[in-house]
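Source: prediction; values computed, not measured. Just so we're on the same page: letters track the sequence lines, and every chain starts at 1.
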Protein chains: 2
Amino acid sequence: MTQGRTRIQQRNRDTILEAALDVFSQHGFRGATLDQIAEVAGLSKPNLLYYFASKEAIHVALLSQLLVTWLDPLRAMDASGDPVEELLGYVRRKLELSRDYPRESRLFANEILQGAPRIREAIEGDLHALVHEKCGVLRAWMDQGRIAPVHPVHLIFSIWAMTQHYADFDVQVRAVLGPDEADPFPEAARFLETLFRRLLAPVG
Amino acid sequence: MTQGRTRIQQRNRDTILEAALDVFSQHGFRGATLDQIAEVAGLSKPNLLYYFASKEAIHVALLSQLLVTWLDPLRAMDASGDPVEELLGYVRRKLELSRDYPRESRLFANEILQGAPRIREAIEGDLHALVHEKCGVLRAWMDQGRIAPVHPVHLIFSIWAMTQHYADFDVQVRAVLGPDEADPFPEAARFLETLFRRLLAPVG
DNA sequence: TGACGGTTTGACCGGACGGTCAGATCGGGG
DNA sequence: CCCCGATCTGACCGTCCGGTCAAACCGTCA
């Protein structure tokens, strides 16, 4: 990642990225405007363009910085650990990401929805490779009879889908649950643990 | 739904909505332009605005027409049928919607991601009511020991999340699976059937 | 104090966008 | 054939948006 020299450069770049995350995640790439980002950041529009070459450059900086942290939980899944606990740990960490970083999740969802024009190669490269590496681990566990056999890639899809759902569709989740249940995450964690324990329990 | 009198009105409204679905689902509301929609529809921009009062009117017409068909599969879940088969039928129909109407799914996802500014009341009204009605059915099945006890609302969330994932994140799904596996849906159907059978099987 | 690189901004540009309007075109009934 | 309402369009408007630029500002070091 290209990081500026001086303190003030680092500070302003961070301020801009923070504001841009707010605006991009809420309105999508085309829906966001530089004036809006500038106002949230408390900087003038030309000043934004002093630190980033273009609107797209800000977006790309956000996305590439995001992909790293986004895949960390999957990387952390350890082949030498207990299979069910490793997978449940992954689910739990992914759900925590949805709870603590919903803007990042929505930014990513927006990008994929539009056909991933700006991170397609990263998805077809790094992401594809990492998933297939971890699928090797999953298949080994299944062959050893330590978790029930299911299609490993679709298993990972199901984890992504259900955890990100609570960030991306937050409005719908809260509207359906009603105003009584303020925080959906504790119950979601319980539900997902039950679901994956039952799915993965090795058939005696 | 307001439907015009003449044949030509019905035809052109349909043409416009079809084109708008294409463009809105691909670029989101703000990312879509009237010129683009007009070109896809094969009509002039002023002609679009002869049939719809504004860009937003087109979007609202699409969304309200969508919500009806989108909830039909859930409505079709029958309290007097076999519980597991009814739920699996719902999952199957929802997955078929993702396969056959991905544009509609992405349009809806876009709207929810942006905070559902245009269909919030429909979600808090009709959707909320329907979900809670069906949760009553689910709870009854659980009380009778015919399916395993889980949180009914989160069960429905999990169905939505996993089925819509294959439409909304289609690019990612195909990139991760690789070019060999052209159509992800048959395997997805098998995986989801396994998952929900194991989740819902009553504990002996 | 003055000079200088790094930083900030007001004013502006060209293009795109949503929407309007006066008038042209069409098509069927008298 | 003409008329009349429905349908369609070229030209246009005001605004917004991404981006540029010359000039101003600021802290620091000589």
Within residues 18-36 of chain B, residues whose heavy atoms come under 4.0 Å of DNA chain D
none
Does any residue of residues 39-52 of chain A have a heavy atom under 4.0 Å from DNA chain D, and if so, which ones, in number order?
Lys45(A), Pro46(A), Leu49(A)
Answer whether the closest heavy-atom distance between the side chains of [X] and [Y] falls below 4.5 Å.
{"X": "Pro152(B)", "Y": "Lys134(B)", "answer": "no"}
{"X": "Tyr50(B)", "Y": "Leu43(B)", "answer": "no"}
{"X": "His154(B)", "Y": "Ser158(B)", "answer": "no"}

[N] [atom2] sits how many Å from [X] [atom1], rounded?
{"X": "Asn12(B)", "N": "dC26(C)", "atom1": "CG", "atom2": "C1'", "result": "13 Å"}
{"X": "Arg7(A)", "N": "dG6(C)", "atom1": "CZ", "atom2": "P", "result": "17 Å"}
{"X": "His59(A)", "N": "dC17(D)", "atom1": "NE2", "atom2": "P", "result": "17 Å"}
{"X": "Ile37(B)", "N": "dG19(C)", "atom1": "CD1", "atom2": "C1'", "result": "14 Å"}
{"X": "Ile8(B)", "N": "dC26(C)", "atom1": "CD1", "atom2": "P", "result": "12 Å"}
{"X": "Ile58(A)", "N": "dG19(D)", "atom1": "CD1", "atom2": "C1'", "result": "12 Å"}

Phosphate oxygens OP1/OP2 of dT7(C): is one of them under 4.0 Å from a side-chain N or O of Thr6(A)?
yes
dT7(D), OP1 or OP2 - any side-chain N/O from Gln9(B) closer than 4.0 Å?
yes
What's the separation between atom OH in Tyr51(B) and atom CZ in Arg11(B), rounded to the nearest 0.5 Å?
7.5 Å
Geometric class of the His132(A)/His128(A) ring pair [parallel <30°, tilted 30-60°, perpendicular >60°]
parallel
Quick one, Asp143(B) with Arg139(B), criterion salt bridge (charged side-chain N to carboxylate O under 4.0 Å, His left out). Give me CA distance, side-chain angles, the key distance, then yes/no.
CA-CA 6 Å; Asp143(B) 289 344; Arg139(B) 251 185 280 265; over 6 Å; no
Polar contact flag, side-chain donor to acceptor under 3.5 angstrom, Gln36(B)-His27(B):
yes
What nucleotide among dG19(D), dT7(C), dC8(D) has an atom nearest to a side-chain atom of Ser54(A)?
dG19(D)
As a quick check of understanding, evaluate side chain to side chain contact (heavy atoms under 4.5 Å, CB included) for Tyr101(A) and Glu96(A), giving each step before the final call.
CA-CA 8 Å; Tyr101(A) 304 97; Glu96(A) 282 165 2; over 6 Å; no
Strictly below 4.0 Å, N to O, side chains only: are Glu187(A) and Arg190(A) in salt-bridge contact?
yes
